[in-house]
2 protein chains.
Amino acid sequence: MVTRAESAAVTRRALLDAAAELLDLGGPAAVTLREVGARAGVSRGAPYRHFSGKDSLLTAVATESWQRIGDQVHALRADPELGASEKLRGALLTLVRVGRDRPHLYQMLFRRHGHRPEELGEGLDRVRRQLCGPADDPVADRLRAAGRFQDEFLAVVAGLVGERNTRHYGALLLSGAHGITDMELSGHLDPDELDASAEELIDTLVRMVADTGPTA
Amino acid sequence: MVTRAESAAVTRRALLDAAAELLDLGGPAAVTLREVGARAGVSRGAPYRHFSGKDSLLTAVATESWQRIGDQVHALRADPELGASEKLRGALLTLVRVGRDRPHLYQMLFRRHGHRPEELGEGLDRVRRQLCGPADDPVADRLRAAGRFQDEFLAVVAGLVGERNTRHYGALLLSGAHGITDMELSGHLDPDELDASAEELIDTLVRMVADTGPTA
DNA sequence: GTTCTCAGATGACGTTGTCACCTAAACGAC
DNA sequence: GTCGTTTAGGTGACAACGTCATCTGAGAAC
């Protein structure tokens, strides 16, 4: 016999997996609640028993990905065979790797929420709900998971620059790695125009911070 | 009397303006072809006479924005009262300003296209068309407009680092500014966790490049 | 055994992007 | 001027989507 809680957990897992798979294949537009339900072996309305809507489901997928990334940096931080700058390089390249392997998922990691739905006329209720509505639960979870990753990352940065500069240079390094990844994914790092493999850019960034950070 | 070409150009302009306005108000989801048509004084199907679809319309809006940004950097580059590092700082802050003033438009500037629509099963034809289909004309225009901005930007960078390093450090600076902007917009630059106003981060970045770039 | 609870199924509704078809006015050739 | 052509724009229709109200049936609580 299968308890109800067990079966619900299995379904929830299957929904998340199906959503992640469809997201990888065709981006957010390909994540149809109908198709997600079908791949999870349930019907179109079933996801609403586990998530408040499509946005919430996609946000949950992003949350799990942030947790995995945080775990990876945690493991990398504990590796005794790596030096401080190697750990930092590895942590930054983790973002690049996720971006290359799963570009649509990467986009979800940095999705914006709730920007200026101020004066939307009288219609467009659907859009307003989408922007203002579920901005409480799942988004907060995602930012919390991202915060855990940032804590791990800052611990790595602290090994390279002084305690006093960790938060500032951590933000700079993180923004830099994200920007490099995002520029590459969006096709704005044209090799004919810019001398710019992501790895070389990150190496330059790490080197500059290692040279400047501790003494600044 | 109004010639047909004039009236069509007016309509096209009105469509672009309406789309940009709706984009600012509620993001891409709020840009409805029906509402765009209504605000432009035409009907729901009229936009298809000027753009191949919704994606093409939004891409055209982004293209115009890249052109404006390129013009701004061009004007800033010609300003005789600014030093090299001030010009660079101003160019980078241009991106930050666009991101803050018009976050949804900023997202369109770096939108991805055509990622892995490989094995999408038998259904989902709509998604496949959306990913593979109009990836020829309007996207190329957008990247061309962004390239013009990059040329202007690289000319600014060349004033700070040597000719030999311009393309590499230009890519690094551009990626850095974009990453900083995008992290701020997506809520990942928590002031409690990271010591990170966008302005300070960009100042640090410019200072590091100015110290390291010319000699590397 | 009876009642409650809740995961899931189903029908329905409104909205959307997109297309096929139609209309009429500007245009070019003569 | 007239006549066919071109084309911006309007309209009807269709499928797909997110979402909700409602129903059903099986585990859980007593």
Side-chain angles (χ1 to χ4, degrees), chain A residues 1-16 18-19 22-23 26-59 120-134 138, chain B residues 1-16 18-19 22-23 26-59 120-134 138:
Chain A
M1 156 175 143
V2 190
T3 73
R4 186 160 60 188
E6 283 167 355
S7 132
V10 168
T11 299
R12 186 188 149 92
R13 187 92 291 270
L15 290 171
L16 285 167
L22 286 169
L23 179 64
V31 181
T32 296
L33 291 193
R34 286 163 164 83
E35 182 69 16
V36 168
R39 296 200 176 208
V42 292
S43 80
R44 25 180 234 275
Y48 287 90
R49 290 288 142 191
H50 301 268
F51 306 95
S52 70
K54 176 178 176 176
D55 251 42
S56 177
L57 172 59
L58 285 173
T59 303
L120 259 180
E122 61 287 346
L124 298 170
D125 286 347
R126 177 179 135 254
V127 175
R128 178 179 290 108
R129 242 202 326 272
Q130 177 183 337
L131 288 175
C132 303
Chain B
M1 156 175 142
V2 190
T3 74
R4 187 160 58 189
E6 284 169 354
S7 132
V10 168
T11 300
R12 187 187 148 92
R13 186 91 294 273
L15 290 171
L16 285 168
L22 286 169
L23 179 64
V31 181
T32 294
L33 269 325
R34 286 162 164 83
E35 183 69 18
V36 168
R39 296 201 176 207
V42 291
S43 79
R44 22 178 237 277
Y48 287 90
R49 288 289 141 191
H50 301 270
F51 307 94
S52 69
K54 176 177 176 176
D55 251 43
S56 177
L57 172 59
L58 285 174
T59 303
L120 260 179
E122 60 285 347
L124 297 169
D125 285 350
R126 177 179 136 254
V127 174
R128 178 177 292 109
R129 244 202 325 272
Q130 175 184 337
L131 288 175
C132 304

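Just so it is clear: chains get the letters A, B, ... in the order the sequence lines come, proteins before strands, and each one is counted from 1.
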Inset, instruction - Output yes when at least one side-chain N/O atom of A/H50 is less than 4.0 Å from OP1 or OP2 of C/dG8, else no. - result: yes
Legend entry - Selection from C/dG17, D/dG18, C/dG8 that lies nearest to any side-chain heavy atom of A/T11: C/dG8
Legend entry - Whole angstrom value for the distance that separates C1' of C/dA7 from CZ of A/F51: 14 Å
Legend entry - Passing candidate, side-chain contact (heavy atoms from CB on, under 4.5 Å) with A/K54, options A/T59, A/T32, A/L33, A/V36: A/L33
Legend entry - Whole angstrom value for the distance that separates C1' of D/dG9 from CG of B/L33: 14 Å
Inset, instruction - Send over the distance from B/L58 CG to C/dT18 P, rounded to a whole Å. - result: 10 Å
Inset, instruction - Hey, which sits more toward the 5' end of DNA chain D by its nearest nucleotide, A/R34 or A/R49? - result: A/R34
Inset, instruction - Remember a base hit wins even if backbone is also touched, and classify B/V31 as base, sugar-phosphate or nothing at under 4.0 Å, heavy atoms. - result: sugar-phosphate
Legend entry - Minimum heavy-atom distance B/H50-B/A8, with the two atoms named: CE1-O, 3.3 Å
Inset, instruction - Could you work out which one of C/dT18, D/dG9, C/dC27 sits closest to the side chain of B/V42? - result: D/dG9
Legend entry - Minimum-distance nucleotide (side-chain atoms of A/Y48 versus D/dA8, D/dG18, C/dG8): D/dG18
Inset, instruction - Rounded to the nearest angstrom, tell me the gap between atom CG in A/L15 and atom P in C/dG8. - result: 8 Å
Inset, instruction - Write down the atom of B/G53, the atom of B/Y48, and the distance for their closest heavy-atom approach. - result: CA-CE2, 3.9 Å
Inset, instruction - Check A/T11 against A/V42 and note the closest heavy-atom contact, atom names and distance. - result: CG2-CG1, 4.0 Å
Inset, instruction - Can you tell me the distance, in whole Å, between the CD atom of A/E35 and the P atom of D/dG18? - result: 11 Å
Inset, instruction - For B/L22 and C/dT15, give me the distance from atom CG to atom P, rounded to whole Å. - result: 16 Å
Inset, instruction - Quick one: label A/V10 by what it contacts on the DNA or RNA (base, sugar-phosphate, nothing), any heavy atom closer than 4.0 Å. - result: nothing
Inset, instruction - State whether A/S43 places a side-chain N or O below 4.0 Å from either non-bridging phosphate oxygen (OP1 or OP2) of C/dT10. - result: no
Inset, instruction - Would you kindly give the CG-to-P distance between A/D55 and D/dC17, to the nearest whole Å? - result: 16 Å
Inset, instruction - Compare every heavy atom of B/L57 with every heavy atom of B/L15, then report the nearest pair and how far apart it is. - result: O-CD1, 4.3 Å
Inset, instruction - Between B/S7 and A/G45, just flag the one whose closest nucleotide in DNA chain D comes earlier from the 5' side. - result: B/S7
Inset, instruction - On DNA chain C, check which nucleotide each of B/G53 and B/R4 is closest to and give me the residue with the more 5' one. - result: B/G53
Legend entry - Nearest-angstrom distance from the residue atom NZ of A/K54 to P of D/dT19: 8 Å
Inset, instruction - Consider the side chain of A/R44, meaning its heavy atoms from C-beta on, and name the nucleotide among D/dA8, D/dA13, C/dG11 that approaches it most closely. - result: C/dG11
